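Here the structure is laid out as structure tokens; the discussion comes afterwards.
Everything quoted here is computed from the prediction, not taken from an experiment. First listed ligand is number 1; within each ligand, the first listed atom is number 1.
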Amino acid sequence: MRVVVPTGCWLVKERRGLESRMKNILLVHTGGTLGMNGRRPNALKPGSFFRTVRERVPELTKLAKLEFEVFSNIDSCEMQPELWTRLARRLAERLPHFDGVVVTHGTDTLAETASALSFMLPGLTKPVVLTGAQRPLGEIRSDARLNLIDAVTSAIHGPKEVTVCFDSHLFRGNRVRKVSIAEYDAFDSPNHPVLGVLGVEAKFSDGLRGQGRFKLAAQLDSRVFLLRVFPGLDPEIPLSILPKVHGLVVEAYGAGNFPSSKALGRSLTPLFSQAEALGVPVLVVSQAHRNGVDLSQYESGNAARDHGAISGGDMTVSAAVVKLMHGLANHPGDALRKYLERSVAGERI
Ligand code: ASP
């Protein structure tokens, strides 16, 4: 379910005519289905993107002065923290020369890249809009055309933060989840209202405030592990991983629960006590998509909290993993807990 933009939003229509000049928008291509060519059911191959954009969406140039840049041309399953760091640096370098940026990206790891950019580029004063598509731009019935037009519209008029524009909606970047493989409404942000609706009229709400001066914080420590709790999980397996990692995200049940009974030998409580002993921070998020973790609610959550586990609140799993990487590199030691427990880019309550 998508929530309607809150009141206090602005209509693009009302702002038209106030613009004295066409905005300069940078379009950075990283890859993904949107820019691929090739026929299904064959494997999609990255193709020549910008030629297709000019052919298929010529009206983009009526919306803004566009400059194109190829950052990479990869399926987003190949996206890695090293590339996020390079992308954030490149955007920080180019942003002063533009009014906004659109980043085209595959849908598979779009949530992670959007989260990473939101943490690495705090205090943005211009929109950075990520978009992608379920069908390549060159195909009939592709969703790429409208997604590109809407993303450029959002980069001109939308909130000044990292967002994801998809299927006529604008989402906070670090709040999205990919929810569909084959439908055009591929993204959702279950714990946060949409920031824009691009229907007959384009409406946007205010973005983030109070992040301070813009800065680049592109460092990441990717030595983290994500553990999803499930019935039957042998605690020995995650225990053997602990010495190898700098941080652990536990995707627990519901409010932050996990088996803690000794009866069948599968209590995960020793994982939390061992992590505490080794000084490995543990961030707990929920397998449920709506609402957030509350470690005070049940006994197992209490045990995790007593061993120093940190509640990830209502963060998505993607945002939690990336925030832990970012926190380990930029806010190490005692500062890490505070960094993870507060909202730094609107990623949690
Ligand atoms: N595998 C593709 C990617 O993430 C899927 C897509 O773009 O929709 O790059």
Side-chain angles (χ1 to χ4, degrees), residues 2 27-53 55-57 60 68-88 90-91 101-118 128-152 154-155 162-190 198 220 222 226 316-319 321-322 325:
R2 281 170 179 170
L27 204 156
V28 180
H29 184 54
T30 67
T33 296
L34 183 145
M36 291 179 183
N37 50 34
R39 286 167 191 230
R40 295 160 204 264
N42 299 331
L44 294 173
K45 295 231 173 68
S48 159
F49 176 52
F50 296 125
R51 202 183 48 238
T52 321
V53 172
E55 279 167 21
R56 306 292 292 205
V57 210
L60 276 184
F68 294 105
E69 180 169 322
V70 179
F71 172 80
S72 59
N73 200 7
I74 56 171
D75 187 299
S76 78
C77 64
E78 304 296 346
M79 194 45 86
Q80 296 292 349
E82 295 78 5
L83 294 176
W84 293 335
T85 297
R86 272 177 36 203
L87 181 59
R90 185 64 185 151
L91 295 185
V101 177
V102 171
V103 178
T104 47
H105 196 286
T107 56
D108 289 346
T109 60
L110 193 142
E112 282 81 2
T113 299
S115 297
L117 292 177
S118 78
V128 172
V129 187
L130 282 82
T131 194
Q134 296 285 60
R135 282 182 83 113
L137 183 57
E139 288 189 9
I140 297 171
R141 291 194 59 252
S142 169
D143 53 333
R145 223 180 91 76
L146 192 57
N147 285 351
L148 275 172
I149 292 171
D150 285 346
V152 171
S154 304
V162 178
T163 54
V164 169
C165 187
F166 222 93
D167 191 40
S168 307
H169 290 81
L170 189 73
F171 305 94
R172 174 156 293 159
N174 52 35
R175 290 286 196 158
V176 296
R177 279 183 325 128
K178 180 171 174 175
V179 291
S180 174
I181 297 159
E183 272 99 28
Y184 288 153
D185 56 342
F187 288 90
D188 205 350
S189 64
L198 295 106
L220 293 167
S222 60
L226 169 64
T316 63
V317 178
S318 303
V321 169
V322 178
M325 290 183 189

Open item on the list: Go through it in stages, so that I can follow the logic: the residues are L60 and I149, the test is side chain to side chain contact (heavy atoms under 4.5 Å, CB included), and I'd like the CA-CA distance, side-chain angles, deciding distance and then a yes or no.
Closed with: CA-CA 6 Å; L60 276 184; I149 292 171; 4.0 Å; yes

TODO: Start with the C-alpha distance between M79 and T30, add both sets of side-chain angles, then the distance that settles side chain to side chain contact (heavy atoms under 4.5 Å, CB included), and finish with yes or no.
DONE: CA-CA 9 Å; M79 194 45 86; T30 67; 4.2 Å; yes

- [ ] Determine, stepwise, if the pair S118 / N174 fulfils side-chain hydrogen bond (donor to acceptor under 3.5 Å, both in side chains).
- [x] CA-CA 7 Å; S118 78; N174 52 35; 3.0 Å; yes

Task: Check against side chain to side chain contact (heavy atoms under 4.5 Å, CB included), T113 and V322 - done: CA-CA 9 Å; T113 299; V322 178; over 6 Å; no

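Checked against a 3.5 angstrom limit, the closest N/O atoms of D75 and ligand 1 fall inside it. Ligand 1 has no nitrogen or oxygen under 3.5 angstrom from a nitrogen or oxygen of T109.
Between F50 and F68, the ring planes are tilted. Angles from 30° to 60° get that label.
Ligand 1 places these atoms under 4.0 Å from at least one heavy atom of G32: 7 (O), 9 (O). Using a 4.0 Å cut-off to heavy atoms of T33, the atoms of ligand 1 that qualify are 2 (C), 5 (C), 6 (C), 7 (O), 8 (O). When each atom of ligand 1 is checked for a heavy atom of A133 under 4.0 Å away, the hits are 8 (O).
Looking at R177, its side chain never comes within 3.5 Å of a backbone N or O of F187 through a donor-acceptor pair.
Among all protein heavy atoms, the one lying closest to atom 4 (O) of ligand 1 is S76 OG, 2.5 Å. In terms of protein heavy atoms, atom 8 (O) of ligand 1 is closest to T107 OG1, 2.5 Å.
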